[in-house]
Trainee: 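My questions will all concern the structure given below.
Here, residue 1 is the first one in the sequence, and each next residue gets the next number. Bear in mind that the values here come from a model prediction, so they are computed numbers and not experimental data.
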Amino acid sequence: MAATAYERLKLHITPEKFYVEACDDGADDVLTIDRVSTEVTLAVKKDVPPSAVTRPIFGILGTIHLVAGNYLIVITKKTKIGEFFNHVIWKATDFDVLSYKKTMLHLTDIQLQDNKTFLAMLNHVLSMDGFYFSTTYDLTHTLQRLSNTSPEFQEMSLLERADQRFVWNGHLLRELSAQPEVHRFALPVLHGFITMHSCSVNGKYFDWILISRRSCFRAGVRYYVRGIDSEGHAANFVETEQIVHYSGSRASFVQTRGSIPVFWSQRPNLKYKPLPQINKVANHMDGFQRHFDSQVIIYGKQVIINLVNQKGSEKPLEQAFATMVSSLGSGMISRTCPDTLWETQRRNSSSRYIAFDFHKECRNMRWDRLSILLDQVAEMQDELSYFLVDSSGKVVTNQEGVFRSNCMDCLDRTNVIQSLLARRSLQAQLQGLWFFAWANLDCSPPTYASCVGGMTSLHHHACFFRLGVLHVGQKLEEQDEFEKIYKNAWADNANACAKQYAGTGALKTDFTRTGKRTQLGLIMDGLNSLIRYYKNNFSDGFRQDSIDLFLGNYSVDELESHSPLSVPRDWKFLALPIIMVVAFSMCIICLLMAGDTWTETLAYVLFWGVASIGTFFIILYNGKDFVDAPRLVQKEKID
């Protein structure tokens with residue numbers, strides 16, 4: 001039995017120490033943090049001074065060092081999301097950041113201002129929606145990964161066994177990680193999206209769960225974090241798992257998304273859509289291979305669905321992706337995947353590549369044409385299968401690989417495709433949850449593809465029956481009540497991922513929610529696009545710095561002679577916007593207050609109009625000087 005984290009906690013505060021008391025039944029542990037020496041020790045309840053100020057908390061997010069010293073971050077509010085196989089899943093909704101220091105008198109005015117800014121960055125990340133945790137269940141792993149573990153793994157604490165890609169407070173917990181005796185106070189926190197629903201189809205009840213896990217490697221915001229880093233970590237990498245729990249059996253279908261895995265950037269410059277730039281000197285193949293080597297090790301076979309435009313500014317990225325795939329050899333397929341080629345290579349290849357120009361195929365709101373892609377990958381999806389374990393805990397089928405989808409942002413187009421692939425998998429799962437009895441227990445469980453293809457290919461005797469939630473020939477789309485739940489959940493997932501990366505809700509969610517494109521949806525997409533434009537140009541530098549600080553990509557050094565936050569602005573930053581506003585205002589005034597003759601009025605209007613338009617184009621030409629750029633980390637993230 002894995003060591004669980006403490007669920008009920010009390011925080012006792014004295015001028016000298018923080019005491020975190022475990023209040024679970026039978027617990028006597030107290031985590032003690034010295035506010036002067038920062039030492040962390042384990043005590044018992046009788047060591048807590050009666051004079052301490054006491055308050056309930058729901059978990060320790062960790063500690064962080066800022067200019068003023070160390071800070072303790074605790075969870076002060078939580079909301080129950082649901083129960084996951086008898087494990088309660090919570091969303092952390094409010095936090096408190098507590099200073100170890102009792103006074104700030106030791107800081108200079110500049111240090112005080114810097115510390116205030118760093119606290120604002122920290123609180124910005126904590127205000128982002130989507131932090132989830134459980135004190136008894138490991139949310140960072142898929143059902144299939146958890147089923148394939150050793151007894152030693154099962155005995156580890158939640159912190160030790162967690163997939164570090166998805167532990168967003170891993171840096172904050174570094175001090176507690178070093179002391180195994182206090183691990184029950186350490187709470188791994190996931191960032192992303194989780195929803196749970198109890199559903200009914202044909203009078204049969206099942207739980208349907210959707211989990212999106214955002215990677216903390218190469219994390220950041222839309223335009224400042226693109227492509228991959230030297231370790232092969234892709235920007236905006238998200239693992240999404242769909243789970244069904246019915247009559248004790250559990251089925252899981254996993255997909256991934258991530259930025260195009262080459263070295264490229266797309267820095268904001270005041271233009272609506274900055275041109276993506278592919279690094280001309282980087283070793284793309286090295287990073288590309290590192291990325292897919294790790295993906296194959298973790299997930300198995302890769303079916304890569306590239307949804308970017310195959311013309312215009314996105315075309316070079318599609319070509320670069322296809323070239324990288326082709327260069328890896330016969331294990332991958334470039335651009336297209338005809339049935340004959342798929343048939344000859346599917347047994348030996350670890351990855352396949354499909355380029356599908358989403359916008360071209362679905363132009364004029366012809367979203368029904370997405371069926372072209374679904375038909376193209378249907379056989380691949382059957383081979384990849386899904387994970388299924390019966391009520392006794394026996395693994396029936398394993399998922400042999402994943403779909404790795406991407407568009408430019410890995411948000412809007414990607415989410416639409418993932419929701420359609422997940423529905424197809426869910427149709428198969430609910431139509432027939434298969435159970436096998438093997439005569440030879442040493443052999444591996446079959447895949448779903450071998451089942452639907454007939455039992456003659458199996459080298460062992462097996463009998464099976466199905467506990468179908470859906471009747472034979474019945475379609476999931478026909479179940480109105482469940483369809484509403486399903487579509488809204490996937491649209492909510494799209495919004496969560498988009499807000500965390502791009503700063504606004506997702507585009508195209510009208511299709512995800514209703515199954516069709518609407519005029520209102522187009523208007524809302526336009527509004528969200530405008531909001532994205534503003535945030536990407538004028539607030540994303542602060543957002544990127546906030547994430548880098550939170551994840552430990554930047555460490556505060558109070559002895560640093562020059563503050564990274566004090567970046568002097570060029571004269572153009574203030575002068576040109578003022579000139580443009582004054583010139584435009586004078587142009588309007590000249591129009592409203594006509595001169596003695598129309599030629600005089602026209603001359604004034606032309607002069608101030610040309611001045612305002614000229615200044616505007618000068619600002620646009622120097623766009624990178626006017627956007628809000630990150631100040632803390634200046635390396636691969638912004639190339």
Side-chain angles (χ1 to χ4, degrees), residues 128-130 193 220-226 235-236 238 257 259 266-276 307-315 317-318 356-370 405-420 487-544 577 580 584 613 616-617 619-620 623-624 626-628:
M128 293 168 59
D129 191 37
F193 178 77
V221 298
R222 185 187 184 199
Y223 281 144
Y224 285 115
V225 181
R226 295 295 212 187
N236 197 25
V238 181
R257 69 177 77 181
S259 189
Q266 194 178 14
R267 294 201 61 185
N269 56 7
L270 295 183
K271 295 180 181 178
Y272 178 72
K273 201 171 184 180
L275 284 176
L307 302 170
V308 303
N309 299 343
Q310 295 180 27
K311 64 178 183 178
S313 62
E314 298 181 10
K315 181 179 179 180
L317 284 169
E318 192 281 319
F356 182 83
D357 190 331
F358 188 105
H359 287 150
K360 177 185 175 182
E361 297 293 342
C362 301
R363 66 179 181 271
N364 299 324
M365 299 176 68
R366 287 292 310 276
W367 288 54
D368 57 295
R369 291 179 59 80
L370 291 174
S405 306
N406 73 270
C407 48
M408 288 295 284
D409 299 325
C410 305
L411 295 176
D412 312 315
R413 289 172 275 184
T414 297
N415 199 79
V416 169
I417 295 302
Q418 285 197 338
S419 68
L420 296 176
K487 289 177 177 178
N488 282 327
W490 270 97
D492 292 342
N493 176 68
N495 281 332
C497 291
K499 287 178 182 177
Q500 292 159 8
Y501 186 56
T504 72
L507 311 183
K508 304 177 178 66
T509 53
D510 56 326
F511 178 82
T512 311
R513 292 188 193 278
T514 65
K516 59 184 179 180
R517 264 310 226 165
T518 64
Q519 295 296 334
L520 179 60
L522 290 174
I523 293 172
M524 292 305 299
D525 283 358
L527 179 60
N528 274 331
S529 295
L530 288 175
I531 297 172
R532 279 188 187 182
Y533 172 82
Y534 175 82
K535 289 191 173 182
N536 295 162
N537 283 280
F538 303 114
S539 66
D540 270 3
F542 179 83
R543 291 178 61 221
Q544 182 63 55
M580 185 181 71
F584 182 75
I613 293 172
F616 171 78
F617 279 105
I619 291 174
L620 200 60
K624 289 185 179 181
F626 291 88
V627 299
D628 180 39

Trainee: Does any part of the side chain of Y223, heavy atoms only, come nearer than 4.5 Å to the side chain of R267, both counted from C-beta?
Mentor: no
Trainee: State the OG-OH distance between S539 and Y534, to the nearest 0.5 angstrom.
Mentor: 6.5 Å
Trainee: Is Q544 close to V225 at the side-chain level, that is, under 4.5 Å between some pair of heavy atoms?
Mentor: yes
Trainee: Please enumerate all residues that pass side-chain contact (heavy atoms from CB on, under 4.5 Å) together with C407, with sequence neighbours excluded.
Mentor: L307, R413, T414
Trainee: How long is the gap from CG on N269 to CZ on F626, to the nearest 0.5 Å?
Mentor: 12.0 Å
Trainee: What residues form a side-chain contact (heavy atoms from CB on, under 4.5 Å) with N495, not counting sequence neighbours?
Mentor: A506, T509, R513
Trainee: Taking all non-hydrogen atoms of both residues into account, name the closest pair between Y501 and A235 and its distance.
Mentor: OH-CB, 4.4 Å
Trainee: Is the closest side-chain heavy-atom distance between M524 and L507 below 4.5 Å?
Mentor: no
Trainee: Can you tell me how far apart CG (L317) and CG (N406) are? Round to the nearest 0.5 Å.
Mentor: 9.5 Å
Trainee: Going by the rule salt bridge (Lys or Arg N to Asp or Glu O under 4.0 Å), which residues pair with R257 if we only count those two or more places apart in sequence or in a different chain?
Mentor: none
Trainee: Among all residues two or more places apart in sequence or in another chain, which pass the salt bridge (Lys or Arg N to Asp or Glu O under 4.0 Å) test with R369?
Mentor: E361
Trainee: With sequence neighbours left out, write down each residue that passes side-chain contact (heavy atoms from CB on, under 4.5 Å) with I523, or none if nothing qualifies.
Mentor: none
Trainee: How about F538: does its CZ atom have over 12 heavy atoms from other parts shown lying under 6.0 Å from it?
Mentor: yes
Trainee: Might you point out which heavy atoms bring F193 and A496 nearest each other, and give the distance in Å?
Mentor: CD1-CB, 3.8 Å
Trainee: Please determine whether a side-chain nitrogen of the Lys or Arg among R222 and D409 lies less than 4.0 Å from a carboxylate oxygen of the Asp or Glu.
Mentor: yes
Trainee: Can you measure from CG (D357) to CZ (R363) and round to the nearest 0.5 angstrom?
Mentor: 9.0 Å
Trainee: Taking only Lys NZ, Arg NE, NH1 and NH2, and the carboxylate oxygens of Asp or Glu, determine whether K499 and D492 approach each other closer than 4.0 Å.
Mentor: no
Trainee: Start with the C-alpha gap between M580 and I613, add the side-chain angles, then the distance that decides, and say whether side chain to side chain contact (heavy atoms under 4.5 Å, CB included) holds.
Mentor: CA-CA 8 Å; M580 185 181 71; I613 293 172; over 6 Å; no
Trainee: Checking D525 now: which residues fulfil salt bridge (Lys or Arg N to Asp or Glu O under 4.0 Å) with it, not counting sequence neighbours?
Mentor: R517
Trainee: If the condition is ring-ring contact (aromatic ring centres under 6.0 Å, His included), which residues does F358 pass it with, not counting sequence neighbours?
Mentor: W367
Trainee: Tell me, do L370 and C362 make a side-chain contact under 4.5 Å, heavy atoms counted?
Mentor: yes
Trainee: Return the minimal non-hydrogen interatomic distance between G521 and D510, and the atom names on each side.
Mentor: CA-OD2, 3.5 Å
Trainee: Tell me every residue that passes side-chain contact (heavy atoms from CB on, under 4.5 Å) with Y533, counting only those two or more places apart in sequence or in another chain.
Mentor: L270, Y272, N537
Trainee: How close do M408 and P276 get, counting heavy atoms only, and between which atoms?
Mentor: CE-CG, 4.2 Å
Trainee: To check you understand the geometry: which heavy-atom pair defines the closest contact between C497 and V238, and what is its length?
Mentor: SG-CG1, 4.5 Å
Trainee: Could you list the residues that satisfy side-chain hydrogen bond (donor to acceptor under 3.5 Å, both in side chains) with K273, not counting sequence neighbours?
Mentor: E314
Trainee: Mind listing the closest non-hydrogen atom pair of A498 and G505 along with its distance?
Mentor: CB-C, 3.7 Å
Trainee: Would you say the side-chain atoms of E318 pair up with the backbone N or O of Q310, donor to acceptor, closer than 3.5 Å?
Mentor: no
Trainee: For the CH2 atom of W490 and the CG atom of N415, what is their distance to the nearest 0.5 Å?
Mentor: 6.0 Å
Trainee: Taking atom SG of C410 and atom CD of Q418, what is their separation to the nearest 0.5 Å?
Mentor: 9.0 Å
Trainee: Can you sort out the partners of F542 under ring-ring contact (aromatic ring centres under 6.0 Å, His included), two or more places apart, ordered by chain and number?
Mentor: H124
Trainee: Strictly distance-based, threshold 3.5 Å: is any side-chain N or O of K535 a donor or acceptor partner for the main-chain N or O of G503?
Mentor: yes
Trainee: Name all residues meeting the side-chain hydrogen bond (donor to acceptor under 3.5 Å, both in side chains) criterion together with D540; count only those two or more places apart in sequence or in a different chain, and write none if there are none.
Mentor: N536, R543
Trainee: Tell me, please, which residues at least two apart from K487 pass salt bridge (Lys or Arg N to Asp or Glu O under 4.0 Å).
Mentor: E483
